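Below is one structure, written out as structure tokens; the observations come after it.
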Amino acid sequence: MELKYKEYQQLNLPKIGDDVLLEWNKSGTFEKSVSLREGKTPFVFYEGPPSANGMPGIHHVISRTLKDLVCRYKTMKGFQVKRKGGWDTHGLPVELGVEKELGITKEDIGRKISVEEYNKKCREVVMRFKDKWDDLTRKMGYWVDLNNPYVTFENEYIETLWWCLQQLYNKGYLYQSVSIQPYSPAAGTGLSSHELNQPGTYKDVKDTSAVVMFEAIKDKISAPLFDSSQQAPIYLMAWTTTPWTLPSNLGLTVGPKIEYVLVKTFNPYTYLPIYVVLAKALLGKYFKAEGENGDFETYKGGDKIIPWKIINTYEGKDLEGISYHQLMSFDSNSLKEILSITPKATPFKVIIGDFVTTEDGTGIVHTAPAFGADDYKVGKKFNLGILTLVDKEGKFVQGTGEFSGRYVKDYKNDPSYTDVNVDISVKLKKENRAFKVEKYEHNYPHCWRTDKPIIYYPLDAWFIKTTAAKERMVELNNTINWKPSSTGSGRFGNWLENMVDWNLSRSRFWGTPLPIWRTEDETESICIGSIMELNTAILHAREVLGRNINEAFVDGIKDLHKPYVDEIILASPTGKPMRRVPDLVDVWFDSGAMPYAQWHYPFENKEIFKTAFPADFIAEGVDQTRGWFYTLHALAVLLFDSVAYKTVVSNGLVLDKSGNKMSKRLGNVVDPFQTLSLYGADATRWYLITNASPWDSLKFDEEGIKEVQRKFFGTLYNTYQFFALYANVDRFTFKEAYIPYRERPEIDRWILSSLQSLIAKVTDNFDNYEPTQAGRHIEEFVDSHLSNWYVRLSRRRFWKGEYGTDKISAYQTLYECMETLCGLIAPIAPFFADWLFGNLNQITKRLGASSIHHTDFPVSNEKRINTVLERKMELAQQTSSLVLSLRKKVNIKVRQPLQQIFIPTLDDNTVSDINDMAPVIKSETNVKEINILDSGNNFIRKKSKANYKTLGKKLGPKMKAAAKAIEGFDNKTIELVRQGGYPLNIDGESLIINNEDIEVFTDEIPGFEVASRGPLTVALDITLTDDLLNEGNAREFVNRIQNLRKENRFELTDRIGIIIEPHDQVQSALIKFKDYICGEILADTFEFNPAIPDGVSIEVNEAIFKVNVFKTT
RNA sequence: AGAUCCGUAGCUCAGCCUGGUUAGAGCACUACACUGAUAAUGUAGGGGUCAGCAGUUCAAAUCUGCUCGGGUCUACCA
């Protein structure tokens, strides 16, 4: 039995996906697509590791589609693209999940459950949904190596991380310091930003706020202040919502460009005369307008209106360096104490900070370096020192006067708690140091576990000195191709500009331990860079410190996690014991180091690494910009002075169809498995890619997938079905010689030209990482060019006539289009492409590949691109469309032939174009003649319009008048302008206008109904002669019989006989067109019989009569 | 608060870079038509202050500035 193209009942995309997937798995299609390119230029791709402790969502499908299509495309372009999968396994989400599951909190770890057991649990949980992920990966057609993934908790992986850390340590980039972090005194623990971003942590609360007055000291620097005031002291006013930080105050920060004023007034609590300094913009907050320049002499304490007067104005930077008296002095915050902590500190002065605003407060910021990140930063910059007068339980330390031991907030749910902030404010009021005390409502973060307010608190942490390489990081970032580019220059570039050192420390349990050991006095420390180094050091320590230590590790360490590493004691060069610092490193370090750690570099795979760094391409969600994209970049620059990736695509979020973020809470999460099984991977992928640019957020709507399924895949599938139907009849298997392009009919050359143009566009878009545009171009081609024009117009060629050159040309052309389309769509719709390719290639064996993914991407043959032809065809389409609209208007169906149409045109090119396209237009619109009314024809009325583009430049303001004048031109004037140099009179001024300055058209033809679109106008002659009516009846009759053939399920090639009941209205037409009719309906016998035995009633243009059709073969 | 993306028909999106005449397509709705591939298609209809305001210009959906609304990221503030 000979091979036939498979024909199908209906399109079933999910089934196609399943079948193709089965084939891929059986034949190792993915592996082969990589091995086939052995020795070719590598295209390096990095997989950002997902965490398998949560279920995959639909948003994972979009980013993975994007990654997959690029890798598939590059493979087809001849590169070898290895794709190593990976798993992110450490980190807080994992730990929080385990805590929740076990019903414990962080404090219980090490008490209720050993660290060993806890980490064992984490290790189990972290791969909980690996199977689900692998399943999704396969079903969505994401080709990535699942068999040899990198896993961040494995010893080899961690060993490379240690190596990286040691490199940084040796370069002096790894250091310990204090950082100000969110801290919960109630829970006794620092909080990560992740925890702080839990819903409900930020609450509106009312706190006691105070505007307090710091007394300036008169000296050389402050002289400009004192020049204008003599009698009363001068105070710098600052505002705080946390009065408990005031004893720890060490500075006052002003904005360099903010305008400040010195104001003479009275203290509203003590009524004493004072001078105060504050931002001019905030005067209104503290002083009533009526009091300005009031009478200072008559003022009495208690008066409602307090007089005030601006004495002088300063810029922030003029105030820098002014010293002031400490606001609240205790034993614990004496200068002596400050200097004992920071020996060369110079506190109690005015400093400059960019972060100061005039939105709230006074424009002068009370600065306590221990209790705010900004404060700490400027404190350090201006050497203020640091005071931490509150301990980790949240109470004042001893030596802080009457406040000693008091909690700064009610952390213990103490019913007798009194607010220390109020007491501090009262004390300051009494001391003439408060200007305004009031309740202030603001948004403040709370600990998600205890519901108590957090404070910002200095905690020890290890840092990577990323700021040391800032310039280089910015420089190298400029070489990275960001999609979209705004993310690179904006979000990412901005982030780099404002970079701070990378806080690596996490005080958790399940993560990569920081491999630093140090002596108790912190004078000696080492950073371990490999397992071997650690094992040697373990044994060395036993030599030096005695045989009773590290007993469990004499055979080497088995697991680089806690608690084991913490049990190891090493010996310092001077023979002192060293213990590991307790911190783990930020999980982002794990993933940022994946270019090295995935290959266990430099312990193994040095050669592979050389060819696999940096990446040519990575892609993740835009939320990774300051996550993975940053850590990859930072480490590559610090370790290798290189970028980590050359191109990065950041895709946007997937929202639900109403534009809301998908969340479990709202219940609007889309289950990717369900989507894939319902619509298939191809339709889902195609929808995700073509609906919106990857970086725009996508409103996910199933209706959109249905549309893609129906419109794009349905159309392409139908095109194939059509082809298969007739190719099987004619036994077309592409065995005939390829018919040269120039010998093919115009319509074939046209679609082939469009195809080559399409290849060029698609290639260009894929090369520029614009898959959305690529997909949309393909859609356009399949729908409006291939299916609804080429196939539609060529239909007859496939089923009529001899199997000769014209027919073979049609088959070859359509085949080539479909085969090429397989290649073009393969990156986005890999299953359908392979399925269609298989259906075609199994019969013709044109390409020696078993999968489209093993072929080369189509290359555009520019010689075949005929833009003139493409333009002409467009004109034919438009003309046909206009004629059809006219037919509709006068209600004459297309099956009724009409005699002629008229097309007025004044452009010689259009004349020849229309003539060339006449056969197409005639057959499509069923008219006999096309009459072109050219410029020589004077009986049509010409109209003119200004060419705004050319005239606007010349005329400027006179444009409007000119346009109006031009619209009034008659035929004669238009002709004069076309001859050139016509003087147009506007406002008494003569302007020469030429042919190119006007557009001439005509949209009416006397006596005819016309239709226009743009410059094109068509008129239809609707005169119906008897001949035309007869032919119309004949064609109508053919249509009815064809429908009957179809209803009776006759084969395409079945010959029939026909008996017709005579009917006056159509009889003559049927007789006259008998040959035509028989030819169309494949009838061998054709007879009339008034006594028709049986048959069905048909209706031809209101004539109703019976016919009987029967097979004769 | 800063950065960034988005705002065009009931819905999904083009057009904006490079200003120009009547702002387009698909979906959905209605009617008619075409079809021996079609769950397709064609024609017609309704549907738009192009988020708003101001500026530049002869001319603004398009360029500039501001405002508003939505998303995301970062930060969290005296």
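Keep in mind it's a predicted model, so treat the numbers as computed, not measured. Note that these values count all heavy atoms, side chains included, but never hydrogens, waters or copies made by symmetry. Proteins come first, then strands; the chains are lettered A, B, ... in the order of their sequence lines, and each starts at number 1.
- A:Gln896 meets the side chain to side chain donor-acceptor pair (under 3.5 Å) test with no other residue; sequence neighbours excluded.
- Not one side-chain nitrogen or oxygen of A:Tyr948 sits closer than 4.0 Å to the OP1 or OP2 atom of B:C58.
- Looking at the side chain of A:Ser885, the nearest of the listed nucleotides B:A44, B:A78, B:A37 is B:A44.
- The side chain of A:Arg776 lies closest to B:C13, out of B:A37, B:C13, B:G42.
- Between A:Ile1056 and A:Phe492, the residue anchored nearer the 5' end of RNA chain B, judged by the nucleotide with its closest heavy atom, is A:Phe492.
- Remark: the separation of the C1' atoms in B:C6 and B:A78 is 34 Å, to the nearest Å.
- Only the C1' atoms considered, B:C50 is 10 Å distant from B:G15, to the nearest whole Å.
- In RNA chain B, consecutive stretches of 3 or more Watson-Crick or G-U wobble pairs with both distances under 3.5 Å are given as paired ranges: B:1-7 with B:68-74, B:10-13 with B:24-27, B:29-33 with B:41-45, B:51-55 with B:63-67.
- The C1' atoms of B:A9 and B:C66 are separated by 28 Å, rounded to the nearest whole Å.
- A:Asn249 and A:Tyr324 are linked by a side-chain donor-acceptor pair at a separation below 3.5 angstrom, with hydrogens and angles left out of the test.
- For the C1' atoms, the distance from B:G69 to B:U8 is 15 Å, rounded to whole Å.
- Listed pair A:Ser881 / B:U43 meets the phosphate criterion, a side-chain N or O lying under 4.0 Å from OP1 or OP2.
- Aromatic ring orientation, A:Tyr720 versus A:Tyr8: tilted (interplanar angle from 30° to 60°).
- Each of B:A78, B:G20, B:U38 was ranked by its minimum atom distance to the side chain of A:Arg795; first place goes to B:U38.
- Nearer the 5' end of RNA chain B, as judged by each residue's closest nucleotide, is the contact made by A:Pro484, out of A:Pro484 and A:Thr690.
- Rounded to whole Å, the distance from CZ on A:Phe371 to P on B:C76 is 16 Å.
- The separation between A:Met237 atom CE and B:A78 atom P is 17 Å, rounded to whole Å.
- Taking atom CD of residue A:Gln181 and atom C1' of nucleotide B:C76, one finds them 15 Å apart after rounding to whole Å.
- Outside the 6.0 Å centre-distance limit, the rings of A:Phe629 and A:Trp588 are not counted as a close aromatic pair.
- Using a 4.0 Å cut-off, some side-chain N or O of A:Thr241 falls inside it from OP1 or OP2 of B:A78.
- Within 4.0 Å of A:Asn1039, counting heavy atoms only, lie sugar-phosphate atoms of the nucleic acid but no base atom.
- In this model, the phosphate group of B:C13 is approached by a side-chain N or O of A:Asn691 to a distance below 4.0 Å at OP1 or OP2.
- Among the protein residues, A:Phe1050 comes within range of the nucleic acid bases, having at least one heavy atom under 4.0 Å from a base atom.
- When distances are taken from the side chain of A:Pro445 to each of B:A37, B:A78, B:C77, the shortest belongs to B:C77.
- The side chain of A:Thr242 sits closest to B:A78 out of B:C13, B:U38, B:A78.
- The closest side-chain donor-acceptor pair between A:Thr367 and A:Thr253 falls under 3.5 angstrom.
- In this structure, CG of A:Asn477 is placed 14 Å from C1' of B:A3, rounded to the nearest angstrom.
- Close placement of the A:Phe723 and A:Tyr5 rings is indicated, their centers lying within 6.0 Å of each other.
- Across the P atoms, B:A59 and B:G19 are found 15 Å apart, a figure rounded to whole Å.
- Looking at the side chain of A:Tyr456, the nearest of the listed nucleotides B:C76, B:U41, B:G20 is B:C76.
- Nearest nucleotide to the A:Lys893 side chain, out of B:A33, B:U38, B:G42: B:A33.
- Contact annotation for A:Ala946: base contact, defined as any heavy-atom pair under 4.0 Å involving a base atom.
- Comparing B:G26 with B:C5, their P atoms are spaced 30 Å from each other, to the whole Å.
- Rounded to an integer number of Å, the gap from CD1 of A:Ile454 to C1' of B:A75 is 13 Å.
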Between A:Glu702 and A:Lys706, does a salt bridge (Lys or Arg N to Asp or Glu O under 4.0 Å) hold up when you go through it step by step? CA-CA 6 Å; A:Glu702 281 189 23; A:Lys706 284 185 195 164; 5.3 Å; no
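- The A:Thr240 side chain lies nearest to B:A78 when the options are B:A37, B:A78, B:U41.
- Classification of A:Arg710 and A:Glu703 as a salt-bridged pair fails, no side-chain N sitting under 4.0 Å from a carboxylate O.
- Taking the C1' atoms as reference points, B:G70 lies 11 Å from B:A51, given to the whole Å.
- Between A:Lys893 and A:Glu1036 a salt bridge is recorded (basic side-chain N to carboxylate O distance below 4.0 Å).
- Across the protein-nucleic acid pair, A:Arg887 atom CZ and B:A31 atom P stand 23 Å apart, rounded to whole Å.
- The distance from atom NZ of A:Lys483 to atom C1' of B:U4 is 16 Å, rounded to the nearest whole Å.
- Between A:Trp244 and A:Phe371, the ring center distance clears the sub-6.0 Å criterion.
- The P atoms of B:C63 and B:A14 are separated by 15 Å, rounded to the nearest whole Å.
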Sub-3.5 Å pairs of nitrogen or oxygen atoms, protein against nucleotides 23-30 of chain B:
from  : atom 1 : to       : atom 2 : distance (Å)
B:G26 : O2'    : A:Glu707 : OE2    : 2.6

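- Rounded to an integer number of Å, the gap from CG of A:Leu716 to C1' of B:A40 is 13 Å.
- Taking the six-membered ring wherever Trp is involved, the centroid distance between the rings of A:Phe798 and A:Tyr811 falls below 6.0 Å.
- Taking a cutoff of 4.0 Å between a charged side-chain nitrogen and a carboxylate oxygen, A:Glu779 and A:Lys711 do not qualify as a salt bridge.
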